[in-house]
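Residue indices begin at 1 and follow the sequence shown.
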Amino acid sequence: LSFRLAYIFSYNLFQFCGHTWILANTIARFLTFGQDALADTFYSVGFVMSLCQLLSILELFHIADGIEKARLLPRFVQVMEKNLVLIMVIMLEEIQSKPVVCVQLFLWNILDLIRYPHELMCVIDTPSIAMLWTRYTLWIPIYILSVATEGLTIYQALPYVEQTAPNSSLLNSTVSAHIHLPFLLMVYLSVLALG
């Protein structure tokens with residue numbers, strides 16, 4: 001048993017357990033509190049979701065190092081879009097209680113619960129045909145819904161970003177030219193629409 005194999009197995013197992021906890025918590029809250037659970041889902045699962053998404057940046061290094069066999073550019077886009085939307089949600093407390101954020105977290109966790117068990121099975125050289133089919137077929141409509149929900153999340157966040165954009169000196173101090181953040185998000189929305 002090599003260190004690299006043990007590491008990638010542990011990483012995938014940790015991600016699987018984290019996303020299982022998030023999804024189970026989200027579903028339990030919805031079954032217990034009904035519609036009221038939509039408003040505070042982010043408060044209850046946001047930390048663990050942030051941790052899992054932060055750790056997902058390691059996947060880029062896994063691919064670059066050859067530990068994981070995947071294409072770097074598509075994974076880079078997926079990891080960065082999730083992290084950017086999550087950072088936006090973290091920074092804008094007004095958007096955290098929107099139902100679209102709950103739906104977004106739900107879809108992201110479904111996607112990851114489709115992916116990580118498949119990755120775990122591949123690491124131990126026992127891939128399942130049913131899991132392979134689920135990973136590459138069922139994943140497509142859920143991913144499309146997830147991207148559409150990301151667009152809706154950004155769209156609903158735009159009024160709040162416009163309110164805070166003139167006051168945000170952090171972005172203005174780190175970028176030499178003045179960038180209007182709402183305009184940047186609108187450009188990102190059009191890129192999402194193009195696919």
Trace of the side chain to side chain contact (heavy atoms under 4.5 Å, CB included) decision for M49 with H19: CA-CA 8 Å; M49 187 68 190; H19 288 290; 4.2 Å; yes
Let me have the donor-acceptor pairs involving side chains of residues 87-103, under 3.5 Å, with sequence neighbours excluded, atom names and distances please.
| unit_1 | atom_1 | unit_2 | atom_2 | d |
| --- | --- | --- | --- | --- |
| Q96 | NE2 | V89 | O | 3.0 |
| Q96 | NE2 | I90 | O | 3.1 |
| K98 | NZ | Y160 | OH | 3.3 |

Quick check: closest heavy atoms across [X] and [Y], and the distance to 0.1 Å?
X    : Y    : value
P141 : L138 : CD-O, 3.1 Å
C52  : G18  : SG-CA, 3.9 Å
E119 : R135 : OE2-NH2, 4.0 Å
P159 : Y155 : CD-O, 3.7 Å
L86  : S50  : CD2-CA, 3.6 Å
N83  : L54  : OD1-N, 4.0 Å

Can you measure from [atom1] ([X]) to [atom2] ([Y]) and round to the nearest 0.5 angstrom?
X    : Y    : atom1 : atom2 : result
Q156 : T149 : CD    : OG1   : 10.0 Å
H118 : L113 : NE2   : CG    : 14.5 Å
W133 : Y136 : CH2   : OH    : 14.5 Å
N109 : N25  : CG    : CG    : 10.0 Å
T41  : L105 : OG1   : CG    : 7.5 Å
L84  : E81  : CG    : CD    : 8.5 Å

Within one Ile-Leu-Val-Met-Phe-Trp-Tyr cluster: [X] and [Y], side-chain cutoff 4.5 Å:
X    : Y    : result
L38  : L31  : no
I110 : L132 : no
F33  : W21  : no

Quick check on [X]: does its [atom1] atom have over 12 non-hydrogen neighbours (other residues, nucleotides or ligands) under 6.0 Å away?
X    : atom1 : value
Y143 : OH    : yes
I129 : CD1   : no
Y7   : OH    : yes
Y43  : OH    : yes

Over 60° means perpendicular and under 30° means parallel, so classify the ring planes of Y116 and Y11, tilted if in between.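 Rings of Y11 and Y116: perpendicular, as their planes differ by over 60°.
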Under 3.5 Å, is there a donor-acceptor pair between the side chain of D65 and the main chain of F61?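 Between the backbone of F61 and the side chain of D65 there is no qualifying donor-acceptor contact (under 3.5 Å).
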Look at the side chain of T32 and the backbone N and O of R29, then say whether any donor-acceptor pair between them is shorter than 3.5 Å. no
Decide side chain to side chain contact (heavy atoms under 4.5 Å, CB included) for I63 and F76; before the verdict, give the C-alpha distance in whole Å, the side-chain angles of both, and the deciding distance to 0.1 Å. CA-CA 10 Å; I63 294 168; F76 175 79; over 6 Å; no
When you compare the side chain of [Y] with that of [X], does any pair of heavy atoms fall below 4.5 Å?
X    : Y    : result
N12  : M121 : no
D112 : Q15  : no
T26  : F30  : no

Check this for me: does any side-chain nitrogen of one of R4 and E68 sit under 4.0 Å from a carboxylate oxygen of the other? no
Report the C-alpha distance between S146 and W108 in whole Å, list the side-chain angles of each, state the deciding distance to 0.1 Å, and finish with yes or no for side-chain hydrogen bond (donor to acceptor under 3.5 Å, both in side chains). CA-CA 7 Å; S146 175; W108 280 349; 3.3 Å; yes
